[in-house]
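Residue numbers begin at 1 in each chain, while the letters A, B, ... track the order of the sequences.
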Amino acid sequence: MLQVSVVRENIEETIKRLEIRNLPGKDLVAQIIELDDKRKKTQQELDAHLAEANSISKQIGGLFKEGKIEEANALKAKTSELKELNHQGTEALHATQEELKQLLYTIPNTPELSVPKGNTEEDNEIIFEQGELPSMDNDAKPHWEITEKYDIVDFELGVKIAGAGFPVYKGKGARLQRALVNFFLDNATAAGYREIQPPLLINEASGYGTGQLPDKEGQMYHTAVDDLYLIPTAEVPITNMYRDIILKKADFPVKNCAYTQCFRREAGSYGSDVRGLNRLHQFDKVEIVQLSHPDKSYELLDEMVDYIKTLLTKLELPFRILKLCGGDLGFTAALTYDFEVYSAAQKKWLEVSSVSCFETYQANRLKLRYKDKNGKMQLAHTLNGSALAFPRIIAALLENNQSEKGVKLPKALAEYTGFEYIN
RNA sequence: GGAGAAUUGGCAGAGUGGUCGAAUGCACUAGUCUUGAAAACUAGCGUACCGCAAGGUACCGAGAGUUCGAAUCUCUCAUUCUCCGCCA
């Protein structure tokens with residue numbers, strides 16, 4: 001969440017940045033400052049009362065030691081009123097702090113200043129394109145027909161076992177997925193990311209740490225008995241490894257990656273957007289996560305973008321990169337690039353990666369800090385990106401590479417699958 | 001799931017009602033000494049909030065309570081360890 005001290009010191013900038021999201025920046029900043037003023041006032045009053053009570057207690061202690069019992073008892077009588085004041089003051093302070101926290105939970109991250117103002121995905125900026133869009137015959141099949149033809153992904157079977165959005169991968173489909181795990185993890189490792197296998201269920205504190213809670217409560221599967229959530233992305237457990245951690249400057253940048261399954265309820269989605277592999281309740285993804293010194297985070301973001309470019313190049317998929325506009329930006333992000341691959345039979349761009357810098361927004365919730373050269377605590381920056389999400393990669397591979405002989409896999413991937421054709 | 005023990009600063013570890021934000025050791029930082037290093041010695045060394053400052057307040061797993069006063073007593077919860085049970 002936003003840091004009140006930073007908001008106070010950068011009022012105009014905060015307003016400007018919130019307005020990029022089409023939010024009433026002026027009102028929000030005014031609310032924050034008003035509540036924080038109230039908090040300060042409440043705290044000052046309480047501190048004064050506590051100081052007085054502490055001082056009296058010390059006097060009483062001294063008097064008892066000197067054996068002046070009567071004087072001590074006389075002082076005791078004076079404290080009951082103070083006690084009540086302290087009790088009320090503490091409650092008032094807690095209430096105000098809670099109020100401020102609840103307000104801050106509802107305010108998303110402030111977009112980086114270069115983020116284009118805009119309302120919908122129409123306003124996202126295309127900043128890079130690579131690869132020619134394959135021209136397909138009119139009888140080119142969408143991937144859900146190809147998966148059925150070769151019996152590699154079974155949607156019906158998933159419905160039987162779990163429900164819609166939980167496909168069963170079979171035979172070469174399953175092996176293709178396994179190949180992608182190794183392909184993505186090997187590449188990430190070569191790029192300097194340490195491989196992690198995190199828990200797939202997380203507690204409430206972790207959900208708050210990276211900002212899924214309270215904002216996206218309904219998007220996560222929740223296990224009621226144990227009060228745990230299924231992860232919607234590896235970002236959550238990987239970033240939360242560093243909750244309440246103080247890093248050394250030499251630790252930067254911290255680079256981790258993880259392959260996990262991801263679970264999303266995606267309530268309210270329907271239609272052709274969710275057909276086949278386009279949107280699932282359970283899917284596989286390799287995530288890369290970095291922790292950065294604040295001065296370096298945008299450099300690292302560019303580095304992550306470059307890395308993902310190399311993956312898509314190796315997979316020989318046409319893709320483009322979008323810089324998300326303020327209206328389309330995720331709740332916790334300051335700047336996000338989306339990668340979309342072109343899926344030829346659907347004639348659609350499919351999002352396969354989202355790479356973001358969160359600046360201190362997550363770090364503030366996580367209390368993820370480092371000591372600067374003056375020995376002062378500072379919040380680190382967090383970044384992450386998908387590298388990559390499997391289902392839509394598979395959709396694009398199947399659609400773009402279909403032929404009479406079957407689906408031809410790119411060379412880089414065939415090395416991992418052990419077969420060149422799905423047929 | 002049952003029984004017992006524990007949870008203190010980066011780490012180890014003292015502290016059972018008042019001058020304890022907390023001994024001591026290690027680690028760390030700076031300095032002295034040395035050609036350099038090590039050793040030794042000297043000093044410093046938690047976080048957050050309030051305050052121009054002096055200083056104040058809070059924090060000893062979390063939350064509540066008893067008390068004029070709680071790291072220390074009581075209750076609830078969490079976690080860890082040991083033993084038993086179950087188990088991939």
Side-chain angles (χ1 to χ4, degrees), chain A residues 1-9 32-104 197-209 213 223-229 237 240-252 254 261 291 360 362-380:
Chain A
M1 60 186 130
L2 299 183
Q3 299 170 80
V4 175
S5 59
V6 171
V7 172
R8 296 193 86 113
E9 282 162 28
I32 293 172
I33 290 177
E34 191 190 333
L35 260 181
D36 192 49
D37 282 342
K38 188 176 161 195
R39 189 215 97 229
K40 279 190 193 183
K41 191 168 159 265
T42 313
Q43 186 176 338
Q44 280 166 0
E45 285 171 11
L46 174 62
D47 281 358
H49 291 142
L50 286 172
E52 195 184 344
N54 285 344
S55 148
I56 292 177
S57 290
K58 272 185 187 161
Q59 288 177 45
I60 292 174
L63 288 172
F64 271 123
K65 254 185 192 165
E66 292 166 28
K68 299 177 178 168
I69 312 288
E70 274 182 31
E71 284 180 48
N73 283 331
L75 265 182
K76 267 196 200 180
K78 278 178 63 181
T79 58
S80 63
E81 193 187 341
L82 259 181
K83 225 178 156 181
E84 181 54 27
L85 278 175
N86 287 341
H87 192 72
Q88 285 171 5
T90 305
E91 283 194 346
L93 180 61
H94 285 169
T96 309
Q97 283 172 334
E98 186 59 27
E99 209 181 332
L100 181 57
K101 199 167 87 178
Q102 290 304 326
L103 172 66
L104 291 172
Q197 288 194 7
L200 303 183
L201 280 83
I202 49 133
N203 57 27
E204 195 181 45
S206 295
Y208 274 95
L213 294 175
T223 66
V225 176
D226 298 296
D227 196 18
L228 296 169
Y229 296 87
N240 271 284
M241 296 197 301
Y242 297 92
R243 180 150 39 87
D244 294 319
I245 288 289
I246 296 160
L247 291 166
K248 295 196 182 74
K249 221 178 136 198
D251 294 335
F252 290 125
V254 176
Q261 273 142 347
L291 311 179
T360 58
Q362 291 183 327
N364 190 33
R365 291 195 182 185
L366 294 162
K367 297 280 166 285
L368 163 55
R369 298 171 293 175
Y370 70 96
K371 275 191 180 168
D372 69 14
K373 54 179 178 256
N374 300 319
K376 270 200 71 178
M377 290 293 189
Q378 303 288 352
L379 292 172

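Across the protein-nucleic acid pair, A/E91 atom CD and B/G63 atom C1' stand 14 Å apart, rounded to whole Å. Separating the NZ atom of A/K376 from the C1' atom of B/C45 is a distance of 17 Å, rounded to the nearest angstrom. Here the P atom of nucleotide B/C77 and the CG atom of A/N203 are 19 Å apart, to the nearest Å. Taking atom CD of A/E66 as the reference point, atom P of B/G18 lies 16 Å away to the nearest angstrom. The distance from atom CG of A/L366 to atom P of B/U47 is 19 Å, rounded to the nearest whole Å. Rounded to an integer number of Å, the gap from CD of A/E204 to P of B/C77 is 18 Å. Atom CZ in A/R243 sits roughly 13 Å away from atom C1' in B/A78 (whole-Å rounding). Residue A/D244 contributes atom CG, which lies 15 Å from atom C1' of B/G10 at whole-angstrom precision.
Comparing A/H94 and A/E52 by the nucleotide of RNA chain B whose heavy atom lies nearest to each, the residue mapping closer to the 5' end is A/E52. Where A/H87 and A/K40 meet RNA chain B, the nucleotide closest to each residue was compared, and A/K40 sits on the side nearer the 5' end.
Taking atom P in both B/A6 and B/U74, the straight-line distance is 12 Å, to the nearest Å. Spacing of P atoms, B/A54 relative to B/A70, comes out at 27 Å, to the nearest Å. The separation of B/A71 from B/C60, taken at their P atoms, amounts to 7 Å, rounded to a whole angstrom. Straight-line distance between the P atoms of B/G9 and B/A3: roughly 29 Å, to the nearest whole Å. When the P atom is compared between B/C83 and B/G15, the two are found 26 Å apart, to the nearest whole Å. A gap of 11 Å separates the C1' atoms of B/U7 and B/A62, to the nearest Å. B/C20 and B/C41: their C1' atoms are spaced 29 Å apart (whole Å). Annotation: B/C59 and B/U19 have their P atoms spaced 14 Å apart (nearest Å).
Every residue meeting the side chain to side chain contact (heavy atoms under 4.5 Å, CB included) condition with A/N203, not counting sequence neighbours, appears here in chain and number order: A/A205, A/S206, A/L228, A/R243. Residues that satisfy the side-chain hydrogen bond (donor to acceptor under 3.5 Å, both in side chains) test with A/D227, not counting sequence neighbours, are A/H222. For A/E66, the side-chain hydrogen bond (donor to acceptor under 3.5 Å, both in side chains) test picks out A/K68, with sequence neighbours left out.
Evaluated for a side-chain contact (heavy atoms from CB on, under 4.5 Å) with A/S55, the options A/E52, A/K58, A/Q59 yield exactly one hit, A/Q59.
Under the Watson-Crick or G-U wobble criterion, with both distances below 3.5 Å, B/A3 is paired with B/U82. Nucleotide B/C68 forms a pair with B/G18, judged by Watson-Crick or G-U wobble geometry with both contacts under 3.5 Å. B/U29: Watson-Crick or G-U partner is B/A43, with both key distances under 3.5 Å. The partner of B/C75, taking Watson-Crick or G-U wobble pairs whose two distances both stay under 3.5 Å, is B/G63.
An OP1 or OP2 oxygen of B/U47 is reached within less than 4.0 angstrom by no side-chain nitrogen or oxygen of A/R369. Between A/K371 and B/U47, a side-chain N or O to OP1/OP2 separation shorter than 4.0 Å is present.
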> salt bridge (charged side-chain N to carboxylate O under 4.0 Å, His left out) between A/R8 and A/D37: does it pass, once the steps are laid out?
Replying inline: CA-CA 11 Å; A/R8 296 193 86 113; A/D37 282 342; 2.7 Å; yes

> For A/K248 and A/D251, what are the C-alpha separation, side-chain angles and deciding distance, and is it a salt bridge (charged side-chain N to carboxylate O under 4.0 Å, His left out)?
Replying inline: CA-CA 5 Å; A/K248 295 196 182 74; A/D251 294 335; 5.5 Å; no

> Would A/L247 and A/L291 count as a side-chain contact (heavy atoms from CB on, under 4.5 Å) if you check the C-alpha gap in whole Å, the side-chain angles of each, and the deciding distance to 0.1 Å?
Replying inline: CA-CA 10 Å; A/L247 291 166; A/L291 311 179; 4.0 Å; yes

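No side-chain donor-acceptor contact under 3.5 Å links A/R369 to the backbone of A/M377.
Around the CD atom of A/E70, the shell of radius 6.0 Å holds no more than 12 heavy atoms that belong to other residues, nucleotides or ligands. Around the CD atom of A/E34, the shell of radius 6.0 Å holds no more than 12 heavy atoms that belong to other residues, nucleotides or ligands.
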Distances for protein N or O near nucleotides 67-72 of chain B N or O, under 3.5 Å:
residue: B/C68; atom: O2'; partner: A/S57; partner atom: OG; Å: 3.1
residue: B/G69; atom: O4'; partner: A/S57; partner atom: OG; Å: 3.1

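Among the nucleotides B/U57, B/U47, B/G51, the one closest to any side-chain atom of A/M377 is B/U47.
Using a 4.0 Å cut-off on heavy atoms, the residues of residues 42-49 of chain A that approach RNA chain B are A/Q43, A/Q44, A/D47, listed by number.
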Identify all side-chain donor-acceptor contacts of residues 77-85 of chain A below 3.5 Å with residues at least two apart in sequence or on another chain.
residue: A/T79; atom: OG1; partner: A/K76; partner atom: O; Å: 2.6
residue: A/E84; atom: OE2; partner: A/Q88; partner atom: NE2; Å: 3.0

